[in-house]
There are 2 protein chains.
Amino acid sequence: MCQANRRENMRKTKEDALKTRENILNAATDLFSTKGVEATSLLEIANHADVTRGAIYWHFKNKCEIFEALHERMHQNFIQIVMEDLETDHPQPLKQMEAVCSRLLTSLNDDILKRQALTLFLMKCNYIGEFSDFVAKQKQCKTQAMMLLKQYLERAQKKGLLPADSDIDILMTSINCYLKGVLIIYLSDPDDFDIKDMAPKLMRLFFSKLA
Amino acid sequence: MCQANRRENMRKTKEDALKTRENILNAATDLFSTKGVEATSLLEIANHADVTRGAIYWHFKNKCEIFEALHERMHQNFIQIVMEDLETDHPQPLKQMEAVCSRLLTSLNDDILKRQALTLFLMKCNYIGEFSDFVAKQKQCKTQAMMLLKQYLERAQKKGLLPADSDIDILMTSINCYLKGVLIIYLSDPDDFDIKDMAPKLMRLFFSKLA
DNA sequence: TGACACATACATTCGTGTATGTATATATCA
DNA sequence: TGATATATACATACACGAATGTATGTGTCA
C-alpha cells in the first residue's frame, strides 16, 4: 500500500535509480534515433523520460556520456549475439551466414529498441568534437568484425564452397556493403519496407550467386 | 589599378555577389559534410567563407534555405547526369548500368565537392523541424529513380539478358541497397577505401551474377 | 545522521534573427 | 556626359531565447 501511494518526490531505492537510468537511456535512444544526437537537448530527454535534467546530470556527466553508455549497451546486446552465432563451426558456412543476416534483419521488425539503436549508430551520429574519441572505437569494432568475416570466408573457400579464385577481400567488402545498404534503406523508412518478406529474398539473391 | 587596390568594404558587382553566394554554399557543403547540418552554425559558415553572417542573411533566409539551395544544386549537377546516361537505349543495358555505377563511384575520387555533397545528403542530414519539407521531395526523387531503374531492368529482361523468372522488384531493391552501401562505406572513410580500384571490381562481382 | 537520488534555481554562453549603418554600383535625369 | 538618387551587398550592433553546467535545496533510504 505504501508502494501504491508513493508521492512524487519520494527518494528512490537503488533499483528505482537503475530504472530511471534505463528510462533516460531509452528516452535518449528514441530521441537520438529520430532527431539526431546534436539536435536533441538534455531537456527533451528529461521530459521524455519523465524526470528533470537534474536526474540526467546525476547519472551522466553530459550528453556525450549518455551516448557512450548507449554505445556500450549496444555493443553488449548486439555484436555479441552475431559473434557467437558465427563462431560455432558449421558445415555450410555460407548458408549459416545467410541465415544469420536474414535473422538479424527480420528480428528488427519487432524489436523497436534494437531498430532505434541501429538507426542511431548507423545513421544519426557524426563523431565530432567531444565525440571524436568514438571514431577509434568504432573503427576497432569494424576491423574486428571484418576479420571474423574474412576467416569465415576463408573457411568456406577451403571447404570448396567458394571458387578457389574468389578474391576474399572483395567478397568481404561486397557483403559488408550489401548488408549495410539493406539496413540503412530499411531503417530510413521502416514502414515502406516489409523487412520480414524482403530480407530472406534479398539475402538469397546475394548469397545464391556466390557459390 | 582601381581593380587591384579595391578596399575591403567596396560594394560588389553582381557577379561578385554571385561568387560570394557560391563561396557560402561551398563553405556550407564542406562544414555540413564533416560536422553535420545541425552542428554547424551560420557563424562558422561565414568565417569559412570569409564573410560575416550579414552576407549569409542577405543571400539566404536561414540555414534551411542554404540547405535547400544545396539540394537544388545537387539535383541539377548530379541526378541529371546519371539520368541522361541511362535514358539512351543501349544494346546491353546491364553492361551499361554497371558502367554507369562504376563511373559514378570512381568519379568521386577526384571530385571533392561532389563527394562532400553526397556525404551531406546521404549521411549527414536528418529531416526534422523546418527540414521536414524535404522528406517528400527526397521521396519523390527516390521513387522517380526507382521507376527508371525498373523500366531499365524490364527492358533487359525482355531482351533476354535476365532470367525470365527474375523478380524485378527484388532485383531493383537489391541494386539500390548495394550501390547505397558501397557509397556510404566509401564516403564514411574515403582514405581507407581505394574506390578507383574497388568500384569496378565490386560492380563486376554484383552484375556478373545477375545474368 | 549522513549519503543518496534527485528537483529547483541561477549564471553563462552560444546561436539566431533583426535592425541599422555604410560604401559603392547602377539607374535616372538633366 | 556628368550629377544625383536609389538600390545593392554587405558589415556591425543589438536583443532574445535556448541550452548547458553548476550550485543549492529537499526529502528519504540505509
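In this text the structure is predicted, and so the values were computed from the model without any measurement. Within every chain, numbering begins at 1; the chains are lettered A, B, ... in the order of the sequence lines, protein sequences first and strands thereafter.
- Rounded to whole Å, the distance from CD1 on B/I24 to C1' on D/dA11 is 13 Å.
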What pairs of nitrogen or oxygen atoms, one from the protein and one from nucleotides 23-26 of chain D, lie under 3.5 Å apart?
none

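- Taking A/F121 as the reference, A/F67, A/H71 meet the ring pair (Phe, Tyr, Trp, His ring centres under 6.0 Å) condition, with sequence neighbours excluded.
- Between B/E15 atom CD and D/dA9 atom C1' the separation is 14 Å, expressed in whole Å.
- Residues meeting the ring pair (Phe, Tyr, Trp, His ring centres under 6.0 Å) test with B/F32, sequence neighbours left out: none.
- In this entry the distance linking CD1 of A/I56 with C1' of D/dG21 reads 13 Å, nearest Å.
- Out of D/dA11, C/dA25, D/dA9, the shortest distance to the side chain of B/T13 is found at C/dA25.
- The shortest distance between the side-chain N/O atoms of A/H59 and the OP1/OP2 oxygens of C/dA5 is not below 4.0 Å.
- Qualifying ring pair (Phe, Tyr, Trp, His ring centres under 6.0 Å) partners for B/H90, counting only residues two or more places apart in sequence or in other chains: none.
- For B/L18, the CG atom is densely surrounded, since the number of other residues' heavy atoms within 6.0 Å is greater than 12.
- When the P atom of D/dC10 is taken as reference, atom CG of B/L18 falls 10 Å away, rounded to whole Å.
- Counting only distance, with no hydrogens or angles, the side chain of B/S188 and the backbone of B/I184 share a donor-acceptor pair below 3.5 Å.
- With rounding to whole Å, B/W58 atom CH2 is found 17 Å from D/dT12 atom P.
- With C/dA25, D/dA9, C/dA7 as the choices, the nucleotide that has an atom nearest any side-chain atom of B/A17 turns out to be D/dA9.
- The CG atom of A/L31 sits 12 Å away from the P atom of D/dA19 (whole-angstrom rounding).
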Protein-nucleotides 15-17 of chain C N/O pairs closer than 3.5 Å?
from: C/dT16; atom 1: OP2; to: B/L42; atom 2: N; distance (Å): 2.9
from: C/dG17; atom 1: OP2; to: B/Y57; atom 2: OH; distance (Å): 2.7
from: C/dG17; atom 1: N7; to: B/R53; atom 2: NH1; distance (Å): 3.0
from: C/dG17; atom 1: O6; to: B/R53; atom 2: NH2; distance (Å): 2.5

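- Scored by the side chain to side chain contact (heavy atoms under 4.5 Å, CB included) test, A/K19 finds A/N23 as partners (sequence neighbours excluded).
- In this view, B/N77 satisfies the side chain to side chain donor-acceptor pair (under 3.5 Å) rule with no residue, not counting sequence neighbours.
- Every pair passing side-chain hydrogen bond (donor to acceptor under 3.5 Å, both in side chains) that includes a residue from residues 120-137 of chain B is listed here, sequence neighbours excluded: B/Y127-B/Q138.
- The side-chain hydrogen bond (donor to acceptor under 3.5 Å, both in side chains) contacts involving residues 189-202 of chain B comprise A/K139-B/D189, B/D197-B/K201, where partners must be two or more places apart or lie in separate chains.
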